[in-house]
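Here the structure is laid out as structure tokens; the discussion comes afterwards.
We name chains A, B, ... by the order of the sequence lines, and we start the count at 1 in each one.
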Amino acid sequence: MSQKRPDLEHILTRGVAEIIVEEEFREKLASGRKLRLKLGFDPSRPDLHIGHGVVLRKLRQLQDLGHQVVLVVGDWTGQIGDPSGRDETRTLLTPEEVKANAQTYMEQFFMIVDQEGTEVRWQSEWYEGFTLADVFNLASRFTLGQLMAHETFRKRYEEGLPLTIMELMYPLLQAYDSVAIEADVEFGGTDQKFNNLAGRELQKMMGQPPQDVFLVPLLPGTDGRKMGKTFDNTINFVDPPDKMYGKVMSITDEMLITYFTLTTDLPDGEIEEMSRALEEGTVNPRDLKMRLGREIVTQFHGAQAAQEAEREFIRIFRERELPSKIVSHSIDALLAKRLVDVLVDVGLATSKSEARRLIQQGGVRLDGERIEDVNHMVTVEREIILQVGKRRFVRLVPGK
RNA sequence: GGGCAGGUACCCAAGUGGCCAAAGGGGACUGACUGUAAAUCAGUUGGCAUACGCCUUCGGAGGUUCGAAUCCUCCCCUGCCCA
């Protein structure tokens with residue numbers, strides 16, 4: 001990602017939830033020492049979304065000031081699963097899966113963070129040889145009361161949901177990572193506060209200078225809830241330009257300013273102006289959203305791709321024309337087939353019942369013409385565009 | 001080891017012999033509206049069938065009954081209390 005170097009003040013204030021302890025961190029920065037910036041991840045769900053991007057951009061900016069990123073691959077904690085979600089124990093991953101996921105994660109991670117200035121460390125480096133004595137040593141440092149101060153633990157316990165000892169161990173392992181790599185600062189979303197502070201405590205107990213904790217706000221997903229895979233409301237690093245742009249357009253209007261603040265480096269003044277214009281109603285939120293879409297797509301795919309994505313969006317949704325790229329599907333030209341079957345065959349419906357329902361609801365069009373007859377037959381003698389809803393198209397071509 | 005409360009469709013959650021393919025909410029999908037894939041409103045949401053209807057589903061396996069998500073038996077899983 002290319003951008004002009006934001007100054008330190010911008011880095012420390014824009015899109016920052018909390019820095020603990022801020023004064024301490026500023027002193028470290030001022031010392032001229034090359035700081036070790038820790039970020040850990042669990043290779044359980046490899047796909048990164050722009051919510052993760054918020055913290056990665058911070059890392060990159062500090063990296064550009066000469067500091068060292070230390071990426072901790074949680075190949076052990078990844079097996080436990082961060083209990084931060086309300087779900088109970090996650091399924092354990094095989095070592096192969098962990099490895100593959102980690103690989104994918106890192107490819108995406110380095111789309112923003114500079115690989116040269118990053119030290120990658122695997123937890124297994126220090127946990128492989130961990131003995132029961134080491135576990136006791138670690139476990140003896142924390143009390144149940146401390147762990148129960150963690151909201152997710154407390155909530156699950158009080159609601160009578162299952163909570164394993166292994167899960168309670170999660171923060172301890174993450175904390176020990178900080179000791180192992182001698183972190184100066186740990187980064188994370190606000191949901192990581194507890195875990196990161198545990199690292200700070202543990203370092204003190206083990207005679208290391210305590211790390212500071214740098215927390216960024218969580219970016220809401222496209223539907224306003226917490227961005228995450230479970231809600232299917234993420235905008236992913238690997239989303240192709242069109243999709244990425246479209247997803248940005250689908251965020252609710254209220255989130256616009258939050259998105260500008262957290263995912264772009266537009267000057268604060270400019271964002272304030274937008275905010276004012278929105279309140280006064282002197283600007284169409286859609287236009288700002290389009291600007292946001294361009295900004296975000298540009299970060300991952302470049303300015304040209306962003307422009308193309310925008311053109312495509314206008315074409316389909318404003319002018320209601322066909323997208324420029326449509327998946328083709330060949331259909332036997334000799335036979336008249338039932339439309340319901342075709343819908344299932346090309347994957348626009350998962351069952352005939354669903355296909356029938358779509359037709360009944362007026363959601364199916366052939367060459368732009370709405371089909372209302374559930375028993376409609378199609379013969380593909382030439383190319384026909386089959387459409388479901390506003391944005392799912394398939395080109396039917398004659399074949400054998 | 002004992003007692004109690006639970007395990008329902010994608011998720012949460014009602015239902016305690018037939019009116020149950022199973023309330024309600026969330027999500028998803030479709031439609032209307034819209035200078036947005038925003039907001040709002042409406043509809044749909046197990047499968048097969050043009051349709052009458054048929055089939056599969058309520059932790060698992062058996063059983064009672066004309067008929068079970070609902071009753072009985074055993075088993076598995078979760079939480080709480082007692083030891």
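- Judged as a side chain to side chain donor-acceptor pair (under 3.5 Å), and not counting sequence neighbours, the contacts of E9(A) are R26(A).
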Please evaluate residues D265(A) and R57(A) with respect to the criterion salt bridge (charged side-chain N to carboxylate O under 4.0 Å, His left out), reporting the C-alpha separation (whole Å), side-chain torsions for both, the decisive distance (0.1 Å), and the verdict.
CA-CA 10 Å; D265(A) 278 305; R57(A) 286 149 47 77; 3.1 Å; yes
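- Note: the hydrophobic cluster containing L173(A) does not contain V213(A) (ILVMFWY, side chain heavy atoms under 4.5 Å, direct or indirect links).
- Between G31(B) and A5(B), the distance separating the two P atoms is 49 Å to the nearest Å.
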Summary of protein contacts for nucleotides 21-26 of chain B, nucleotide by nucleotide, where a base hit scores B, a sugar-phosphate-only hit scores S (4.0 Å, heavy atoms)
------
Report, one line per pair, each donor and acceptor closer than 3.5 Å where one atom sits in a side chain of residues 368-378 of chain A; sequence neighbours left out.
{"unit_1": "R370(A)", "atom_1": "NE", "unit_2": "G362(A)", "atom_2": "O", "d": "3.2"}
{"unit_1": "D373(A)", "atom_1": "OD1", "unit_2": "N375(A)", "atom_2": "N", "d": "2.9"}

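- Distance F393(A) CZ to U30(B) C1': 14 Å, rounded to the nearest Å.
- Summarising the base pairing, G67(B) is matched to no nucleotide, lacking a Watson-Crick or G-U wobble pair whose two defining distances lie under 3.5 Å.
- For M249(A) and A39(B), the CE to C1' distance is 14 Å, given to the nearest whole Å.
- If you take CG of N233(A) and P of A38(B), they are 14 Å apart, rounded to a whole angstrom.
- A donor-acceptor distance shorter than 3.5 angstrom exists from the side chain of Q146(A) to the backbone of T143(A), with no hydrogens or angles considered.
- For residues 360-375 of chain A, proximity to RNA chain B is found at Q361(A), G362(A), G363(A), R370(A), N375(A), defined as any non-hydrogen atom under 4.0 angstrom from a strand atom.
- Rounded to whole angstrom, the span from the CG atom of L348(A) across to the P atom of U30(B) amounts to 10 Å.
- The 5' end of RNA chain B is approached more closely, in terms of each residue's nearest nucleotide, by V388(A) than by the other of V388(A) and S250(A).
- Base pairing annotation: A32(B) forms a Watson-Crick or G-U wobble pair with U40(B), both donor-acceptor distances under 3.5 Å.
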Dump the pairs, protein N or O against N or O of nucleotides 75-83 of chain B, anything under 3.5 Å, distances to one decimal.
{"unit_1": "G79(B)", "atom_1": "O4'", "unit_2": "G160(A)", "atom_2": "O", "d": "3.1"}

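- In this structure, C19(B) makes no Watson-Crick or G-U wobble pair, since no nucleotide meets both defining distances under 3.5 angstrom.
- Rounded to an integer number of Å, the gap from L358(A) CG to A28(B) C1' is 12 Å.
- Heavy-atom distances under 4.0 Å link RNA chain B to F313(A), F317(A) of residues 308-317 of chain A, given in residue order.
- Among residue pairs with one or both ends in residues 267-279 of chain A, those qualifying as side chain to side chain donor-acceptor pair (under 3.5 Å) are R14(A)-D268(A), E270(A)-R291(A); sequence neighbours excluded.
- Under 3.5 Å, the side chains of D134(A) and T131(A) contain a donor-acceptor pair of N or O atoms.
- Contacts classified as ring pair (Phe, Tyr, Trp, His ring centres under 6.0 Å) and involving residues 184-212 of chain A (residues at least two apart or in different chains) are given here: H150(A)-F194(A), F187(A)-F214(A).
- The closest side-chain donor-acceptor pair between T264(A) and E295(A), if any, does not fall under 3.5 angstrom.
- The CG-P distance, from L343(A) to U44(B), rounds to 20 Å in whole Å.
- Nucleotide U36(B) holds its C1' atom 10 Å from the CD1 atom of I251(A), rounded to whole Å.
- Side-chain atoms of N236(A) and D47(A) include no donor-acceptor pair closer than 3.5 Å.
- Using cut-offs of 30° and 60° on the angle between ring planes, the pair W76(A) and Y127(A) is tilted.
- In terms of hydrophobic clustering, with Ile, Leu, Val, Met, Phe, Trp and Tyr side chains grouped at heavy-atom distances under 4.5 Å, V21(A) and L202(A) are assigned to different clusters.
- Going from atom CG of D287(A) over to atom P of A38(B) covers 16 Å, rounded to whole Å.
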Apply the test side-chain hydrogen bond (donor to acceptor under 3.5 Å, both in side chains) to residues Q63(A) and D114(A): give CA-CA distance (whole Å), side-chain angles for both, the deciding distance (0.1 Å), then the verdict.
CA-CA 8 Å; Q63(A) 216 171 22; D114(A) 177 28; 4.9 Å; no
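- Within the shown strands, nothing qualifies as a pairing partner of U57(B) under the Watson-Crick or G-U definition with both distances less than 3.5 Å.
- Partners of E182(A) according to the salt bridge (charged side-chain N to carboxylate O under 4.0 Å, His left out) rule, which considers only residues two or more places apart in sequence or in another chain, do not exist here.
- In the hydrophobic clustering of this structure, L262(A) groups with L39(A); members are Ile, Leu, Val, Met, Phe, Trp, Tyr whose side-chain heavy atoms approach within less than 4.5 Å, directly or through other members.
- Screening residues 315-366 of chain A for ring pair (Phe, Tyr, Trp, His ring centres under 6.0 Å), with sequence neighbours left out, gives F313(A)-F317(A).
- In this structure, G79(B) and C4(B) make a Watson-Crick or G-U wobble pair, each of the two defining distances being under 3.5 angstrom.
- Annotation: U16(B) and A83(B) have their P atoms spaced 36 Å apart (nearest Å).
- Checking Q192(A) against Q174(A) by side-chain atom types alone, a donor-acceptor pair falls below 3.5 Å.
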Base, backbone or nothing for each nucleotide of nucleotides 1-9 of chain B, written B, S, -, heavy atoms under 4.0 angstrom, 5' to 3'?
---------
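- L256(A) comes within 4.0 angstrom of nothing in the nucleic acid, heavy atoms only.
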Check: protein-nucleotides 46-49 of chain B nitrogen or oxygen pairs below 3.5 Å:
{"unit_1": "G47(B)", "atom_1": "OP1", "unit_2": "S351(A)", "atom_2": "OG", "d": "2.7"}
{"unit_1": "G47(B)", "atom_1": "OP2", "unit_2": "R357(A)", "atom_2": "NH2", "d": "2.5"}
{"unit_1": "C48(B)", "atom_1": "OP1", "unit_2": "K352(A)", "atom_2": "N", "d": "2.8"}
{"unit_1": "C48(B)", "atom_1": "OP2", "unit_2": "K352(A)", "atom_2": "N", "d": "3.2"}
{"unit_1": "C48(B)", "atom_1": "OP2", "unit_2": "S353(A)", "atom_2": "N", "d": "2.5"}
{"unit_1": "C48(B)", "atom_1": "OP2", "unit_2": "S353(A)", "atom_2": "OG", "d": "2.6"}
{"unit_1": "A49(B)", "atom_1": "OP1", "unit_2": "K352(A)", "atom_2": "NZ", "d": "2.7"}
{"unit_1": "A49(B)", "atom_1": "OP2", "unit_2": "R356(A)", "atom_2": "NH2", "d": "2.9"}
{"unit_1": "A49(B)", "atom_1": "N7", "unit_2": "R356(A)", "atom_2": "NH1", "d": "3.2"}

